[in-house]
Amino acid sequence: MQNIENKVAYITGGTKGIGFGIAKSLVENGIKVVISGRNIEDVEKAKAELGSENVLAIQSDVRNFDDEVKAVEQIVASFGQLDIVIANAGLGKFAPVDKMSLEDWNAMIDTNLTGVFHTMKATVEQLKQTKGYYISIASLAGTNFFPQGAGYNASKFGVVGFTQAAMLDLRNYDIKCTTIMPGSVTSHFNEHVPNEEDGWKIQPEDLGQMVVDLLKMNPNVLPSKIEVRPTKTK
Ligand SMILES: NC(=O)c1ccc[n+]([C@@H]2O[C@H](COP(=O)([O-])OP(=O)(O)OC[C@H]3O[C@@H](n4cnc5c(N)ncnc54)[C@H](OP(=O)(O)O)[C@@H]3O)[C@@H](O)[C@H]2O)c1
């Protein structure tokens, strides 16, 4: 089993939901964690909730490549290295394709798909140095299509294809790549407010535990694409 203590992880979109849950699990396992979001006040608030000195809060909008480059400069200046990247930032807007606005389409493609590439491009040289791990949070919507999902499906099918192709390129540098494809998770996704009826869903910490298990795995083993769903429907 790999020793993961004192590794440095960057989680995009760590202010709430899945990213925040993964951050909690990584902090509990002795990893130095960097979280980001579009608004620094929200990122600082999440950092305070995590309650650890080993957390760095960064403002970065993944739609902006320069933000991601600056984020990596801050991470290396603060922690000296970067071992783990979780490309998690994302959003969903749902409408029949004939009613979908350009604004919602662009928001999803720019954040969910181009953002994942920006994060990769900004971090990959650091990952080469540490023989690190890049994990994208795609979705079951990256393999199952559904009505009103044209934009979200397009972005998440894209993330799955992107991460699998990147995996084939980057294993030559001993960098692991995995895409995690969750079904329903308790979070603030699509303006949802987490409540007591969310108990049947995957919880963000469950995905945090999954990330920890992946990081600890024998270096010779790579689960490259993971579908994960609630055991039962509602
Ligand atoms: N919830 C589900 O059922 C589910 C299932 C499968 C996959 N997913 C995927 O999981 C990921 C996380 O979503 P979630 O469910 O945790 O939703 P969430 O609770 O709404 O959290 C979304 C996170 O993404 C960040 N974010 C959004 N746009 C960003 C941008 N342009 N730059 C940087 N950060 C940005 C948000 O930060 P700020 O708002 O602070 O900027 C927030 O931290 C998404 O990729 C989503 O597609 C969710």
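Keep in mind the model is a prediction, meaning the values are calculated, not measured. The figures here come from the full heavy-atom set of this structure, side chains too, leaving out hydrogens, waters and symmetry mates. Just so you know, ligand 1 is whichever comes first in the structure, and atom 1 is the first atom listed for that ligand.
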Criterion side-chain contact (heavy atoms from CB on, under 4.5 Å) against N29, the qualifying member of K24, K216, E5, K7
K216
Please list all pairs passing the side-chain hydrogen bond (donor to acceptor under 3.5 Å, both in side chains) test where one or both residues lie in residues 90-117, with sequence neighbours left out.
N112-S155
Close residues, ligand 1: non-hydrogen atom nearer than 4.0 Å
G13, G14, T15, K16, G17, I18, G37, R38, S60, D61, V62, R63, N88, A89, G90, T111, I137, A138, S139, Y152, K156, P182, G183, S184, V185, S187, H188, F189
Quick one: does any side-chain atom of Q203 pair with a main-chain N or O of D198 as donor and acceptor, under 3.5 Å?
yes
Under the salt bridge (charged side-chain N to carboxylate O under 4.0 Å, His left out) test, which residues partner E73, sequence neighbours left out?
none
Mind checking what makes side-chain hydrogen bond (donor to acceptor under 3.5 Å, both in side chains) contact with D66, not counting sequence neighbours?
none
Between H118 (side chain only) and V62 (backbone N and O only), is there a donor and an acceptor less than 3.5 Å apart?
yes
